[in-house]
Amino acid sequence: APHFKWYAVSVANLKEKLRIYIRLTRWEDYTTFLQFVFGFLLAKNFEVTSPDLILLGETIFVLAPLLYGGIYTLNNIKDAELDKLNPKKKDRPIPAGEISKEQASWIAAVLIGSGLLLSLLLPPTVFPMALSFLAVNIIYTFWAKNVPYLSILFNAPTHVMRIIFGMWLAGNLGYAYLAWVTGVGISGGVVFRYIKEISEGNTAARPVLRFHSTRSLWRTLYGVLAILGLFLIFGRF
């Protein structure tokens with residue numbers, strides 16, 4: 001009985017630590033790598049072989065749970081104090097006190113380092129992809145997200161990159177225009193989210209909103225939609 005009790009406690013602790021790790025590294029956001037998969041399959045005209053699928057799986061493993069797991073953890077460390085003010089984010093592991101910033105920093109370092117190192121074992125295109133994702137996210141996390149309008153623009157590049165990098169891994173960039181259409185659409189979505197957050201009074205959790213008005217953001221959204229229309233009509237050519 002005592003041995004069973006110890007085992008039960010250990011399993012419970014392991015489950016709790018795993019839950020914290022999954023929330024810290026934001027596994028739910030890895031679905032954005034479906035864009036990478038789409039780009040890869042599109043470039044292959046949806047005709048893939050077993051080696052293609054193995055390469056795709058290895059690359060996503062390096063870029064998503066490893067590299068991006070570290071990037072998301074880094075982002076959570078940087079935004080911990082602001083997340084406490086956000087009703088939707090205050091229960092994340094760091095603001096909730098489930099894990100310290102120091103512990104999270106070690107996790108981020110190990111994940112990012114592992115992602116970069118393992119990317120060197122894959123085709124030569126993967127390491128530049130990993131470096132590009134890391135650079136754009138660091139710029140956004142530590143600078144661009146606090147600069148008016150730049151915070152909107154910097155939400156789009158990684159979505160564009162996922163599609164283009166998927167095509168690049170497949171060796172065919174013939175449909176790259178679709179990536180730019182996606183990027184413009186993502187920018188429009190960010191503007192709409194800003195409008196919604198201002199209307200809900202969530203400016204304290206996102207300081208950059210203090211530099212915007214609802215009216216200026218609606219104008220920006222109309223401009224983005226106009227650009228999106230032009231891309232859809234003329235982008236392919």
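- Using the six-membered ring where Trp is involved, Phe154 and Tyr140 have ring planes that are parallel, under 30° apart on the 30 and 60° scheme.
- With hydrogens and angles left out, the side-chain atoms of Trp180 and Thr182 include no donor and acceptor closer than 3.5 Å.
- Heavy-atom minimum distance, Leu173 versus Ile164: CD2-O, 3.7 Å.
- Using a cutoff of 4.0 Å between basic side-chain nitrogens and carboxylate oxygens, Arg23 and Asp91 are scored as salt-bridged.
- Interatomic distance, CG of Leu169 versus OG1 of Thr125, reported as 5.0 Å (0.5 Å rounding).
- No more than 12 heavy-atom neighbours from other residues, nucleotides or ligands sit within 6.0 angstrom of CZ on Phe192.
- Checking side-chain atoms of Gln103 against main-chain N and O of Ser100 turns up a donor-acceptor pair under 3.5 Å.
- For the residue pair Asp52 and Thr49, a side-chain donor N or O sits within less than 3.5 Å of a side-chain acceptor on the partner.
- No donor-acceptor distance shorter than 3.5 angstrom exists from the side chain of Asn146 to the backbone of Phe142, with no hydrogens or angles considered.
- Here the side chain of Asn172 pairs a donor or acceptor atom with the backbone of Gly174 at under 3.5 angstrom.
- Side-chain atoms of His212 and Pro148, non-hydrogen and from C-beta on, do get closer than 4.5 Å to each other.
- Gly69 and Tyr30 make their closest contact through CA-OH, 3.3 Å (heavy atoms, listed as atom of the first residue, atom of the second, distance).
- For Ser216 (side chain) and Ser213 (main-chain N/O), a donor-acceptor pair under 3.5 Å exists by modelled atom type.
- Annotation: side chain of Thr59 is in contact with side chain of Leu63 (closest heavy-atom distance under 4.5 Å).
- A salt bridge links Lys145 to Asp79: one of the charged nitrogens lies within less than 4.0 Å of a carboxylate oxygen.
- Partner of Glu16 under the side chain to side chain contact (heavy atoms under 4.5 Å, CB included) criterion, out of Ile20, Leu18, Leu14: Ile20 alone.
- Side-chain contact check for Arg19 versus Glu98: some heavy-atom pair is nearer than 4.5 Å.
- With a 4.5 Å cut-off on side-chain heavy atoms, Ile107 and Ile99 count as touching.
- Note: Leu131 CG to Ser119 OG = 7.0 Å, rounded to the nearest 0.5 Å.
- Using the six-membered ring where Trp is involved, Phe133 and Tyr68 have ring planes that are perpendicular, over 60° apart on the 30 and 60° scheme.
- Between Arg26 and Arg92 the shortest side-chain heavy-atom distance falls below 4.5 Å.
- Under a hydrophobic clustering in which Ile, Leu, Val, Met, Phe, Trp and Tyr are joined whenever their side-chain heavy atoms come within less than 4.5 Å, directly or via other members, Val126 and Val136 fall into the same cluster.
- Atom CE of Met161 and atom CH2 of Trp168 lie 10.0 Å apart (nearest 0.5 Å).
- Within a 6.0 Å radius of CD in Glu102, other residues, nucleotides and ligands contribute 12 heavy atoms or fewer.
- The backbone N or O of Asn137 sits less than 3.5 Å from a side-chain atom of Thr141, completing a donor-acceptor pair.
- By the 4.5 Å heavy-atom criterion applied to side chains, Tyr21 and Pro93 are not counted as neighbours.
- Between Phe33 and Phe36, the ring-plane angle classifies as tilted under the 30° and 60° cut-offs.
- Taken together through direct or relayed side-chain contacts under 4.5 Å among Ile, Leu, Val, Met, Phe, Trp and Tyr, Leu82 and Ile198 form parts of separate hydrophobic clusters.
- Side-chain atoms of Asn155 and Ser187, non-hydrogen and from C-beta on, never get closer than 4.5 Å to each other.
- For the atom pair Phe127 CZ and Leu117 CG, the distance stands at 8.5 Å (nearest 0.5 Å).
- One finds no salt bridge joining Asp83 and Lys90 here, because no Lys/Arg side-chain nitrogen approaches an Asp/Glu carboxylate oxygen to under 4.0 Å.
- Side-chain atoms of Phe38 and Phe46, non-hydrogen and from C-beta on, do get closer than 4.5 Å to each other.
- Nearest approach of Leu116 to Ala130, heavy atoms of both residues: CD2-CB, 3.9 Å.
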Checking side-chain hydrogen bond (donor to acceptor under 3.5 Å, both in side chains) for the pair Thr220/Trp218: CA distance, chi angles, key distance, verdict?
CA-CA 5 Å; Thr220 303; Trp218 274 114; over 6 Å; no

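- Taking OG from Ser199 and OH from Tyr194, the interatomic distance works out to 14.5 Å, rounded to the nearest 0.5 Å.
- Residues Lys101 and Glu81 are paired through a salt bridge, judged by an N-O separation under 4.0 Å between the basic side chain and the carboxylate.
- Atoms CG and CG, from Leu67 and Leu134 in turn, are 6.0 Å apart once rounded to the nearest 0.5 Å.
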